[in-house]
Amino acid sequence: MDKIKIIVAGPRGRMGLEAVKLVHNTENFELAAVLDRKNNGMNLSEIGGFEGIHAPVYSDLDECFSSVDAQVLIDLTTPEVGMVHAEKALEYGIRPVVGTTGFSKEDLERLDSLTAEKELGCIIAPNFAIGAILMMKFSQMAAKYFEDIEVIEMHHDQKLDAPSGTAVKTAQLISEVREDKIQGHPSEKETLPGARGADMNGMRIHSVRLPGLVAHQQVMFGMEGQLLTIRHDSFNRASFMSGVKLAVEEVMKIDVLVYGLENVIE
Ligand SMILES: NC(=O)C1=CN([C@@H]2O[C@H](COP(=O)(O)OP(=O)(O)OC[C@H]3O[C@@H](n4cnc5c(N)ncnc54)[C@H](OP(=O)(O)O)[C@@H]3O)[C@@H](O)[C@H]2O)C=CC1
Ligand SMILES: O=C(O)C1=N[C@H](C(=O)O)C[C@H](O)C1
């Protein structure tokens, strides 16, 4: 079987480093190149932490996509850059697997029409960890029975976007089965702005940022006399990698945009 040739964008990042290792260590994957805003023209193996992993480093998108023979781009950067990378990749016939979070509704719509136009698969996965996907699915199940819901997502303090992509996706999945409802006391007043968190269709989302954390979320469902809490914890970035592998394999089989790995996992 031919190997899937992959470009990783953001290789020096926390997730990018793990993704490079995953591609390097997976039998049917080949690391074709990396996209890095620094180190243009170097070989990845010359950069600290990547000894023995050989791949050309590009900083220019067009140069990279036009000269490298690749089928998949794994993007783990920032929302602004990730969107440019994904659009450009599709233009060059490369299928994006995007773990980067913080994309807007308009970004997703744009990628949806671009994938349709190009007839190429694209996967946007706010969370690659199987446990997190189950946490989201279980939350959607629970929301059929509990209408009062608060999401608490907790991350390391270097995270750029809030709320997390996972929290947004969780609230979207819940909104598919829950009637919009304003929660709390009808006359409640925030004496400190933001105290009640972000509001999505009446649900509240709270973002905690602390050093030492990796990625954690609990969804709390309240009802008279009872509380259901559904929680997931990622203690390291390796927890996301089986999902990245699955997404790369799946994106080769589809010709549409898939938003969320729950649509791929049975
Ligand atoms: N889907 C999932 O399961 C997961 C998704 N994520 C998401 O993945 C993304 C990356 O997270 P993480 O690895 O922790 O972040 P890091 O900050 O560790 O890595 C981001 C990388 O992007 C690069 N980058 C930043 N700005 C630019 C730019 N303008 N041009 C090119 N490259 C750029 C950085 O390069 P430099 O070092 O030069 O700044 C860095 O290598 C985030 O959006 C995060 O939310 C994270 C974990 C799991
Ligand atoms: O930035 C992170 O770390 C993470 N980002 C994703 C998100 O925003 O949900 C996935 C995971 O929570 C880790």
Side-chain angles (χ1 to χ4, degrees), residues 7-22 34-40 42 44 47-50 57-61 64 73-86 88-89 96-104 107 123-136 139 151-173 198 205 207-219 231-248 251 258-262 264-265:
I7 298 170
V8 175
R12 288 176 297 99
R14 287 175 288 265
M15 280 291 284
L17 173 63
E18 286 296 330
V20 164
K21 287 197 273 178
L22 169 82
V34 296
L35 259 172
D36 181 359
R37 62 172 161 177
K38 295 179 190 156
N39 306 310
N40 185 43
M42 287 177 73
L44 189 62
I47 301 169
F50 295 101
V57 181
Y58 291 87
S59 296
D60 185 78
L61 274 191
C64 180
L73 166 76
I74 300 176
D75 188 87
L76 295 158
T77 57
T78 65
E80 300 74 24
V81 179
M83 185 59 197
V84 176
H85 285 179
K88 202 48 119 181
V97 167
V98 181
T100 306
T101 51
F103 280 23
S104 65
D107 290 337
I123 295 181
I124 312 275
N127 202 310
F128 287 114
I130 177 70
I133 294 154
L134 291 174
M135 174 261 296
M136 290 186 258
S139 296
V151 179
I152 306 179
E153 57 96 340
M154 295 154 275
H155 282 83
H156 58 92
D157 64 349
Q158 297 305 300
K159 186 162 177 59
L160 295 177
D161 52 320
S164 70
T166 308
V168 171
K169 183 69 181 172
T170 306
Q172 287 168 342
L173 288 170
I205 306 179
S207 296
V208 176
R209 297 290 177 263
L210 285 172
L213 296 180
V214 177
H216 318 262
Q217 178 169 295
Q218 66 185 43
V219 187
R231 179 172 171 125
H232 176 260
D233 297 271
S234 269
F235 298 114
N236 59 35
R237 270 101 194 165
S239 65
F240 302 111
M241 291 304 131
S242 56
V244 175
K245 179 171 182 286
L246 176 70
V248 168
V251 81
V258 168
Y259 169 49
L261 269 199
E262 71 280 1
V264 169
I265 291 164

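What's counted below: heavy atoms across the whole structure, side chains too, no hydrogens, waters or symmetry copies. As the structure lists them, so they are numbered: ligands from 1, and atoms in each ligand from 1.
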Backbone or side-chain N or O of [X] under 3.5 Å from ligand 1 N or O:
| X | result |
| --- | --- |
| His156 | no |
| Arg37 | yes |
| Ala129 | no |
| Pro11 | no |
| Pro79 | no |
| Thr78 | no |
| His85 | no |
| Met15 | yes |

Looking only at protein heavy atoms, which one is nearest to [atom], and how far off is it?
| atom | answer |
| --- | --- |
| atom 14 (O) of ligand 1 | Arg14 NE, 3.0 Å |
| atom 38 (O) of ligand 1 | Arg12 NH2, 2.8 Å |
| atom 9 (C) of ligand 1 | Thr77 O, 3.4 Å |
| atom 19 (O) of ligand 1 | Gly13 CA, 3.3 Å |
| atom 6 (N) of ligand 1 | Gly99 O, 3.8 Å |
| atom 21 (C) of ligand 1 | Leu76 O, 3.7 Å |
| atom 43 (O) of ligand 1 | Thr101 N, 3.1 Å |
| atom 3 (O) of ligand 1 | Phe128 N, 2.8 Å |

Between [X] and [Y] (side chain of the first, backbone of the second, donor and acceptor by atom type, cut-off under 3.5 Å), is there such a pair?
| X | Y | value |
| --- | --- | --- |
| Asp36 | Val57 | no |
| Thr100 | Asp75 | yes |
| Lys159 | Ala215 | no |
| Thr101 | Pro126 | no |

Arg237, any N or O under 3.5 Å of ligand 2 N or O: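 No, Arg237 has no N/O under 3.5 Å of an N/O on ligand 2.
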Taking distance alone, with no angle check, do Ala215 and ligand 2 share an N/O pair under 3.5 Å?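 Such a contact does not occur with ligand 2.
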Which bit of [X] is near ligand 1, meaning a heavy atom under 4.0 Å away: side chain, backbone, both or neither?
| X | value |
| --- | --- |
| Arg237 | neither |
| Gln158 | neither |
| Phe240 | side chain |
| Ser164 | neither |
| Val81 | side chain |

Nearest 0.5 angstrom please: [X] [atom1] to [Y] [atom2], how far?
| X | Y | atom1 | atom2 | result |
| --- | --- | --- | --- | --- |
| Ile74 | Glu18 | CD1 | CD | 12.0 Å |
| Ser164 | Arg209 | OG | CZ | 6.5 Å |
| Ile7 | Leu61 | CD1 | CG | 9.5 Å |
| Arg12 | Lys38 | CZ | NZ | 4.5 Å |
| Phe128 | Ser239 | CZ | OG | 11.5 Å |
| Ile133 | Glu262 | CD1 | CD | 7.0 Å |

Within a distance under 4.0 Å of any heavy atom of [X], pick out the atoms of ligand 2 and give their elements.
| X | value |
| --- | --- |
| His155 | 2 (C), 3 (O), 4 (C), 11 (C), 12 (O), 13 (C) |
| Pro126 | 6 (C), 7 (C), 9 (O), 10 (C) |
| Asn127 | 10 (C), 11 (C), 12 (O) |
| Gly165 | 7 (C), 8 (O), 9 (O) |
| Thr166 | 7 (C), 9 (O), 10 (C), 12 (O) |
| Ser164 | 7 (C), 8 (O), 9 (O) |

Record the part of [X] in heavy-atom contact with ligand 2 below 4.0 Å; permitted values are side chain, backbone, both and neither.
| X | answer |
| --- | --- |
| Ser234 | neither |
| Thr101 | side chain |
| Arg14 | neither |

When you compare the side chain of [Y] with that of [X], does any pair of heavy atoms fall below 4.5 Å?
| X | Y | answer |
| --- | --- | --- |
| Val248 | Lys245 | no |
| Phe235 | Val214 | no |
| Arg14 | Gln158 | yes |

May I ask whether Gly165 has any heavy atom positioned less than 4.0 angstrom from an atom of ligand 1?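 Checking ligand 1 against Gly165, which is what was asked, there is no heavy-atom contact under 4.0 Å.
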Any Ala125 heavy atom less than 4.0 Å from ligand 1: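 In this structure, Ala125 qualifies as a contact of ligand 1 - some heavy atom is under 4.0 Å.
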Would Glu153 and Thr166 count as having a side-chain donor-acceptor pair, cut-off 3.5 Å?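 On atom types as modelled, these side chains do not qualify, holding no pair under 3.5 Å.
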Can you name the one residue among Asn127, Leu76, Ile130 that meets side chain to side chain contact (heavy atoms under 4.5 Å, CB included) with Phe240?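 Passing option: Asn127.
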Side chain to side chain contact (heavy atoms under 4.5 Å, CB included), that's the test. Do Asp233 and His216 meet it? Break it down for me. CA-CA 4 Å; Asp233 297 271; His216 318 262; 2.7 Å; yes
For Ile205 against Ala167, the heavy-atom pair lying closest together: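 Result for this residue pair: CG2-CB, 3.9 Å.
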Under a heavy-atom criterion of less than 4.0 Å, does His156 contact ligand 2?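 The answer is yes: ligand 2 sits under 4.0 Å from a heavy atom of His156.
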